[in-house]
Amino acid sequence: MKILVTGGAGYIGSQTCKALTTAGHQVFIYDNLSTGSRALIKWGEFIQGDILDGERLRACLRAHEPEGIIHCAAFSQVGESLGDPGAYIRNNVGGTLHILEAMRDTGVRNIVVSSTAAVYGIPDHCPITEDMPTHPITPYGETKLFIEWMLADFARASGFSWMALRYFNAAGADPEGECGECHTPETHLIPRMLMAVTGELEEFRIMGNNYPTPDGTCVRDYIHVADLASAHVLAIEHLRNGEPGQGAPLNLGTGIGFSVKQILDAVQQITERQMSYRIGERRPGDPPVLVAEGSRAEEILGWKPSRSRLHTIIEDAWKWHISGRQAVIKAASR
Ligand code: UDP
């Protein structure tokens, strides 16, 4: 299959491009390199372009005639979205609208989109099923929920098939060390802890220890990025092979939650290094617990995480942190 991946130079997008190529698909990467890195473009033909540029998108779809789109390009920092909601609405909602209209105008029928557990807001209970109410509490989560509604609207109007993959906490790095996480600024838990054990970060801050959880720190469901990537491959293949006009949101998680403190202990144990840390304020927009009920993805796609044991996630992230990640940082500073 020919597949266009927006945001293919990012953390999850690049891993997905690798998985698609490995599965025998032909990949086109559409990315504006605003947060992605040229050093992560290794699997596919690169087209530099913005998702807000509808004309360029249309030209690109006409030129390459993909059978499907995997849409990962988005702003994805919860905190940033609280400070600048307009940027998130413009880029995430507006950009997706351009993609859907370009698909409609060029006859592309299948789309898999990055969504997020943030659409659930603060759930009544965990694990979370896809049918539970969606009440996002941040602009980031709102944009992703609205995108899911847009998919359903375009599916009805134009016969698209779609899947929205609601990632829980993406973590880890490519098992072969060929791609991984490198955000600027880095806000995510595991990379920040790794920065703390190497001294890149003077002190790690636990953001709140008074949550209603067993040890007071937030609980999350960490899912290996290679498992996320394989779900994208299965999802786009499923849409291509299935009836037109189908659509569904799918949770991608393990069903197991770990607290910030548990992650801290595991990072220190696996890296065999200590970090200095202190307890700080809660971070706005953080629900206490997010854990997925993931059986729908297994039922529909036959997807099961295979690399998402916490130990493996941290080991892969650590290997990436001390080796491959440096190449991405160097490329960015050039
Ligand atoms: N967190 C923390 N210190 C940090 C970064 C994150 O205590 O320096 C906590 C954060 O409050 C949340 C969890 O770690 O409870 C996971 O945060 P992350 O940003 O990795 O992912 P999110 O859950 O926001 O998608």
Side-chain angles (χ1 to χ4, degrees), residues 10-12 35 72 74-83 88 92 114-123 126-128 136-145 165-173 180-225 228 251-254 256-268 275-292 308 310 313-314 316-318 320-321:
Y11 171 44
I12 297 168
T35 56
C72 297
F75 291 163
S76 61
Q77 310 278 356
V78 169
E80 190 181 60
S81 81
L82 286 160
Y88 273 67
N92 294 0
S114 302
S115 188
T116 168
V119 298
Y120 296 110
I122 301 178
C126 281
I128 304 169
I137 55 167
T138 61
Y140 169 63
E142 287 167 8
T143 63
K144 290 292 182 171
L145 183 59
L165 303 181
R166 293 177 176 168
Y167 313 150
F168 280 64
N169 283 62
E181 191 162 12
C182 191
H183 301 110
T184 321
E186 187 52 80
T187 61
H188 293 108
L189 180 68
I190 294 175
R192 281 183 70 78
M193 285 183 176
L194 296 175
M195 288 164 74
V197 298
T198 54
E200 247 175 283
L201 189 69
E202 221 171 273
E203 184 182 63
F204 175 79
R205 193 149 42 103
I206 295 182
M207 288 156 168
N209 69 345
N210 55 356
Y211 284 96
T213 60
D215 66 20
T217 65
C218 287
V219 171
R220 294 288 181 273
D221 182 338
Y222 294 87
I223 177 83
H224 197 293
V225 65
L228 288 183
N251 287 343
L252 297 181
T254 63
I256 301 169
F258 292 97
S259 73
V260 173
K261 274 198 183 138
Q262 286 176 309
I263 302 281
L264 193 145
D265 290 341
V267 165
Q268 294 193 139
M275 73 184 93
S276 98
Y277 71 91
R278 73 184 163 87
I279 308 293
E281 293 292 302
R282 287 184 178 197
R283 188 172 66 176
D286 272 343
V289 183
L290 289 173
V291 176
S308 292
L310 183 62
I313 286 177
I314 295 174
D316 287 349
W318 176 228
W320 168 253
H321 193 85

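When a ligand or atom number is given, it counts from 1 through the structure's own listing order.
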> Applying a heavy-atom distance cut-off of 4.0 Å, which protein residues contact ligand 1?
Replying inline: N169, T187, H188, L189, R192, F204, R205, I206, M207, C218, R220, Y222, V260, R283, D286
> Restricting to pairs with a member in residues 194-203, which pass salt bridge (Lys or Arg N to Asp or Glu O under 4.0 Å), not counting sequence neighbours?
Replying inline: E200-R325, E203-R278
> For Y88 and E142, what are the C-alpha separation, side-chain angles and deciding distance, and is it a side-chain contact (heavy atoms from CB on, under 4.5 Å)?
Replying inline: CA-CA 9 Å; Y88 273 67; E142 287 167 8; over 6 Å; no
>> Restricting to side-chain contact (heavy atoms from CB on, under 4.5 Å), what partner residues turn up for S76, sequence neighbours left out?
In response: Y140
> Mind checking what makes side-chain contact (heavy atoms from CB on, under 4.5 Å) contact with P185, not counting sequence neighbours?
Replying inline: none
> To the nearest 0.5 Å, how far apart are CG in D316 and NE2 in H224?
Replying inline: 3.5 Å
> When rounded to the nearest 0.5 angstrom, what is the spacing between CZ in R166 and CG in N251?
Replying inline: 6.5 Å
